[in-house]
Structures are given as structure tokens and as C-alpha cells.
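The shown structure was predicted, so the numbers you read here are calculated from the model rather than taken from an experiment. Below, all heavy atoms of this structure are taken into account, side chains as well, without hydrogens, waters or symmetry copies. In each ligand, atom 1 is the first atom listed, and ligand 1 is the first ligand listed.
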Amino acid sequence: MRTLYYSHPDFLFHETGIGHPECPDRLRSIEKALSAPEFSGLIRQSPPLGTERQIRLIHPQFHIDAILEAIPEQGEHYLDHDTVLSPGSKQAAFRAVGAVCDAVDKVLTGKADNAFCAVRPPGHHAEPQLAMGFCLFNNIAIAANYARQQYQLERIAIVDFDVHHGNGTQAAFYNQPNVLYASSHEMPHYPGTGHPAETGVGNIINVPLAAGDSGIEFRQKYTHIILPALKIFKPELLLISAGFDAHKDDPLASIMLVEDDFKWVTQELMSVADHCCKGRVISALEGGYNLKALAASVAIHVKTLMTDRNNIE
Ligand SMILES: [Zn+2]
């Protein structure tokens, strides 16, 4: 497969302070893992800076302005007790938006089959008018609306296997039937949303997992709920909020996935995309806070994206 890999040094300059789990070392550990010879086939991309126009596809201008005005000239500024701004945050956040939008361009014009965007800050907790949960702008939601606006897509699915519910993505599309948002997440847990009764206009699918659940329950929920819904919806583009904090070694949650579960879900999502939308998948990093587990999980996710499934089906 022609798989794009987006990374950029700017993502390291979004500083969150000593001891913060959403740290630049996350990307250093991913970069190191993906420098192995088996990843030599990746098409490495240096993303452009995103634009305010792209961010406005989800966030109002006053929200953008408020974040930019709060960026400190030195040190850190806390938007809430865990969402931090530093002098490099604008470059990083705009570069993250640029990465996912460039991936949309490349995949939808057939220049690549799929893409993984190793971005910081993450995005899925960012609501249209509220930065929270380490997230400033909602990268994957912006990508969805960018694809709808630029390529007139009528059905886009976003699958979110981060261990936390993507309240921001849900909020962005709660009344929009042409975007399906499906999330598996630990519940009860941060941010508190994601109950199965939150269904939007039939386009929101929330699948809670209980603390201690493993790949058995995770795979059952995808097999019986999320994958069938995707097949009925028939997306023209499949986006993934790829958080790896449901790993058993992650310090921020209590789900017991292992690397092979991330491989499985990636394969299953690629299979849906093969059937519905010529395999078009764009995956963007969200959480994942044990550096070793994150690197190994991203590696198997990206390796799976690179693997041609035509002979498997
Ligand atoms: Zn998370």
C-alpha cells in the first residue's frame, strides 16, 4: 500500500511542562520505532502549516483568537488543569491541522492509499468552542469537514478507539447525519460523555468499555456494533482517531488491550474501507502515554496500514 507518514519537528515544540503525560517524547518514541528498516516503504511527508480557514471548518474565529492570544511568550499557560499552551503551540497545532488536511488531499486525489499523521497536540476532546483534555483544535473533525467541503463527500465515518470518549468530535457532528462518529472508550472515565443513549441524529455510536475489559470485549463490541454500522453507512472516507491509551500498560486508563488488538481493529477498519471507499483511510494520533506501549502500538498500526489486504479478503 502507498502509506503516508506525517511528522514534523514543530510537534515537539508544543511543551506541556515536566511530568505532563502528553509530552514531546511521545513523538520521539514513535519516530524511533518507525525508523526501523521494515518501515522503509513509508512515504514520509512534511506537512504544511494548516490555515485559520481550515480550523474555521469546526471552530469559530473567536475561539481561535482566544487560544492564540493565550499563548505565552515563554513558559506555559494553563487553559485548564491539564490543557497547556507554550510558545511553540501555535506552530504545532497549525501543523497538525495541515497534516490531516494534506492527507485528505493526497488520499482523495489517489496519490496515496492511506495515511498516518503523528501529530501533537491531539484533537478529539476539543469542542467547537472549548479547548480541553490536552486538545486545542479538533484535527480529525477538521479533516472530515475539509473532505466534505473540498471533495463534496456525502458520507464520512470517524472511528475513535482512543480510551477516552471524543466529546469534541461528537459535539461537532451531533446534528449532522452525513458524518458517522463511532467511539469505543472506557466508562465511567474522562471526559464523562459517551453514553450509548447519546445518538445524535442516529449518527453517533457510543460503545463503552468497563475498566478491566480486554481485547475480548473490545473485539466483540467492534464485531457486533461498530463494524456492522460502518458497513451499513458506507463511508466514502474513513477517518481514525487513533489513540493508543487503551493499552494495558497505559497510565491513564484501565483497559487491557495489547498490540495485537490494535492490529486487529486496524485490519477490520481497512476491510470496511476496502469494501466502501477504495481503502481510503486517514488515521491521526490522539492519546497513548506509556512511551514503550505507544511506540509498539503505533508501529503495528502503521505496519498494518502498509499491508495490502487484497490477497487476504
Ligand atoms: Zn485518550
TODO: Tell me which N, O or S atom of D162 sits nearest to the Zn ion (ligand 1).
DONE: OD1
Open item on the list: Under a 3.5 Å cutoff, is there a donor and acceptor pairing between the side chains of E22 and T16?
Closed with: no
Task: the Zn ion (ligand 1) to nearest N/O/S of D245 less than 2.8 Å - done: yes
Open item on the list: Does Q74 have more than 12 heavy atoms from other residues, nucleotides or ligands lying within 6.0 Å of its CD?
Closed with: no
- [ ] For K263 and E259, run salt bridge (Lys or Arg N to Asp or Glu O under 4.0 Å): C-alpha distance rounded to whole Å, both residues' side-chain angles, the deciding distance at 0.1 Å, then the answer.
- [x] CA-CA 6 Å; K263 177 182 180 181; E259 285 83 348; over 6 Å; no
TODO: Enumerate the residue pairs fulfilling side chain to side chain donor-acceptor pair (under 3.5 Å) with a member in residues 199-219, sequence neighbours excluded, ordered by first and then second residue.
DONE: H165-N206, Q170-N206, S214-E217, R219-D260, R219-D261
TODO: May I ask you to check if any N/O/S atom from H164 comes under 2.8 Å of the Zn ion (ligand 1)?
DONE: yes
